[in-house]
Protein chains: 2
Amino acid sequence: MFDQETGTGARGKSDLRRSYDDRLNNILESATGLIARVGYAKASMRLVAKEAGVSLAGLYHYFDSKEKMLFLIQFRTFSALVLTVQEKLYGIADPVEQLHVMVRAHVAYFAANMAALKVCSHELESLINSAYEETGELRRDYYGLLRAIVDRILDARAPNSKLDRYVATMSLFGTLNWLYRWYDPKRGRSPTTVSHQIASQFLNGVLGVDNGSKQSLNTE
Amino acid sequence: MFDQETGTGARGKSDLRRSYDDRLNNILESATGLIARVGYAKASMRLVAKEAGVSLAGLYHYFDSKEKMLFLIQFRTFSALVLTVQEKLYGIADPVEQLHVMVRAHVAYFAANMAALKVCSHELESLINSAYEETGELRRDYYGLLRAIVDRILDARAPNSKLDRYVATMSLFGTLNWLYRWYDPKRGRSPTTVSHQIASQFLNGVLGVDNGSKQSLNTE
DNA sequence: GAAAACCGAACGTACGTCCGATCGACAAAA
DNA sequence: TTTTGTCGATCGGACGTACGTTCGGTTTTC
């Protein structure tokens, strides 16, 4: 079940493939925007069809159910996000810089794909059973990336900290996944500025925290 | 429009009123649990009726549409949250302690009302137009509470900070509103522990941050 | 001319809401 | 004390609509 093409595999006979893929991407993009705007449940296939300029029946040439459409959107978005972050992380050794890079990459990806990331953040539970678990793998990968960075930072700079690293990691995820509710890069704040502040706050937060090995509120 | 009783006004003729209110609370509680579990769109009135032990038509004796039902849930939950926080804040002068108190109150309220807060966090946009704006007033109140605390903290302890206070406040809201995705107080971590770490991280985050007036990463 | 892309129209279902009737408690009238 | 009347609470059943999906056929592409 749920073995429909996800678009991440390479494939030959490129000419026919090209136009099919282009059209699919096109439709998925329209659907993504619509779902981000009105929510998955209220984004009827009829509306998706209208938005994409296809007939209702024509949609089913590209995926065989509404849920698989959502799955495709989430799977592709999440795969691309994980990939982008991994690429940007490549070759960076300092864990503190890794954190900055990962947060910056996430915020930048959000700024460039607001609708898609909103759908990923907000419509997680609209996927049921097998589809939910399949994207869950990617989410765990993403969590693992951030958690590993947090571990390296704390091991290196606050090894005796009593800080709960799961809580710390999740608190940052909360900040990042909530972006879609308030942050609009078109309204003044640049992604770089915002990501820098988020990463800095987090770093000082976990390093300066009252964790048993020291105490630091050196303000005045 | 949307002037249906919200349950916050006092009222006489208590005996008849009592049983009506009790039943309403009962139904709303069932509905809240169901919506938290399956989402607003998939929580059909038929399911709500079954869950609450009422007939489908009987539901409409207590609210005149599905949306008003959701509005009641959100309005009551949010009102109670704002009230609780304001009460706990009363008489506390030190802004740093105010922050701890507010975060602790929020997490405690979440732990005691997980379904209701999930519905408030997740189904915000399921309310349209007038209803959305009416709860928006409460959300702005709540933002104002936290923002004022952040302002007092920064004015007192880092007045020259270049920190974007809106971003700082929203990053904390993100952490708090994302709780429903991962935090289960029944699984080990106490609300006190979690809220303490969240508040401490945030405090050290905004006070220790590289903001032009100082720099502090005093770890080894 | 085969295969892929696309479509109009329909099917069955599930939804939110409403109508008319019944039930039950309780107070005024007998 | 019984009867009657009122009104809130509750219900079965229906109405109209919108949904996801499918079928059979047409158009387009190479």
Side-chain angles (χ1 to χ4, degrees), chain A residues 1-2 4-5 7 11-28 30-31 34-35 37-73 123 126-129 131, chain B residues 1-2 4-5 7 11-28 30-31 34-35 37-73 123 126-129 131:
Chain A
M1 198 180 277
F2 271 99
Q4 181 164 339
E5 279 302 326
R11 192 176 249 81
K13 51 177 171 174
S14 55
D15 276 13
L16 282 160
R17 196 70 193 172
R18 223 349 33 129
S19 99
Y20 174 89
D21 284 352
D22 283 356
R23 194 86 186 90
L24 175 57
N25 285 330
N26 210 303
I27 293 173
L28 285 181
S30 304
L34 184 67
I35 295 175
R37 226 159 51 240
V38 306
Y40 174 68
K42 297 191 101 123
S44 72
M45 294 303 263
R46 282 162 179 84
L47 279 178
V48 172
K50 190 159 290 184
E51 186 99 353
V54 200
S55 74
L56 175 57
L59 281 182
Y60 288 84
H61 190 65
Y62 291 93
F63 20 77
D64 37 66
S65 77
K66 189 187 181 186
E67 199 195 355
K68 244 163 222 169
M69 180 183 78
L70 178 61
F71 172 77
L72 277 184
I73 294 174
E123 307 289 357
S126 302
L127 250 30
I128 52 172
N129 299 333
Chain B
M1 198 180 278
F2 270 100
Q4 180 164 340
E5 279 302 327
R11 192 176 250 78
K13 49 176 170 175
S14 55
D15 278 12
L16 283 161
R17 194 71 193 172
R18 229 335 46 121
S19 98
Y20 174 88
D21 284 354
D22 283 356
R23 194 88 186 89
L24 175 57
N25 285 332
N26 210 305
I27 293 174
L28 286 181
S30 303
L34 183 66
I35 295 175
R37 226 159 51 240
V38 307
Y40 175 68
K42 297 191 101 122
S44 72
M45 294 304 262
R46 283 161 179 84
L47 278 178
V48 171
K50 191 158 289 185
E51 187 98 351
V54 199
S55 74
L56 174 57
L59 281 182
Y60 287 83
H61 190 63
Y62 292 92
F63 19 76
D64 38 65
S65 76
K66 188 187 181 187
E67 198 195 357
K68 245 164 220 168
M69 181 183 78
L70 178 61
F71 171 76
L72 277 185
I73 293 173
E123 307 289 358
S126 302
L127 250 29
I128 52 173
N129 300 332

Qualifying residues under side-chain contact (heavy atoms from CB on, under 4.5 Å), relative to Leu47(A), sequence neighbours excluded: Leu34(A), Ser44(A)
Partner residues of Asn26(A) under the side-chain hydrogen bond (donor to acceptor under 3.5 Å, both in side chains) criterion, sequence neighbours left out: none
Partners meeting salt bridge (Lys or Arg N to Asp or Glu O under 4.0 Å) with Arg46(A) (sequence neighbours left out): none
Sub-4.0 Å heavy-atom contacts from residues 41-52 of chain B onto DNA chain D, ordered by number: Arg46(B)
For Ala49(A), all residues meeting side-chain contact (heavy atoms from CB on, under 4.5 Å), sequence neighbours excluded: Leu59(A)
Those residues that, when tested against Ser126(A), pass side-chain hydrogen bond (donor to acceptor under 3.5 Å, both in side chains) (two or more places apart): Glu123(A)
Interatomic distance, Tyr20(A) OH vs dC6(C) C1' [rounded to whole Å]: 13 Å
Evaluation steps, side chain to side chain contact (heavy atoms under 4.5 Å, CB included), between Val54(A) and His61(A): CA-CA 10 Å; Val54(A) 200; His61(A) 190 65; over 6 Å; no
Atom pairs, N/O to N/O, protein against nucleotides 22-26 of chain D, distance under 3.5 Å?
none

Backbone N/O of Tyr40(A) and side chain of Lys66(A): donor-acceptor pair under 3.5 Å: yes
Length of the NE2-P vector between His61(B) and dG12(D), whole Å: 16 Å
Min side-chain heavy-atom separation Tyr62(A)-Leu28(A) under 4.5 Å: no
Gap between atoms CG and C1', on Asp22(B) and dT10(D) respectively (whole Å): 17 Å
Student check: side-chain heavy atoms of Arg37(A) and Glu51(A) closer than 4.5 Å: yes
Integer-rounded Å distance: dA5(C) C1' and Asn26(A) CG: 15 Å
Phosphate OP1/OP2 of dG8(D) contacted by Arg23(B) side-chain N/O (<4.0 Å): no
Separation of dC18(C) P from Phe63(B) CZ (nearest whole Å): 14 Å
For atom NZ of Lys66(B) and atom C1' of dC18(C), their distance in whole Å: 17 Å
Separation of atom CG in Asp21(B) from atom C1' in dG8(D), rounded to whole Å: 14 Å
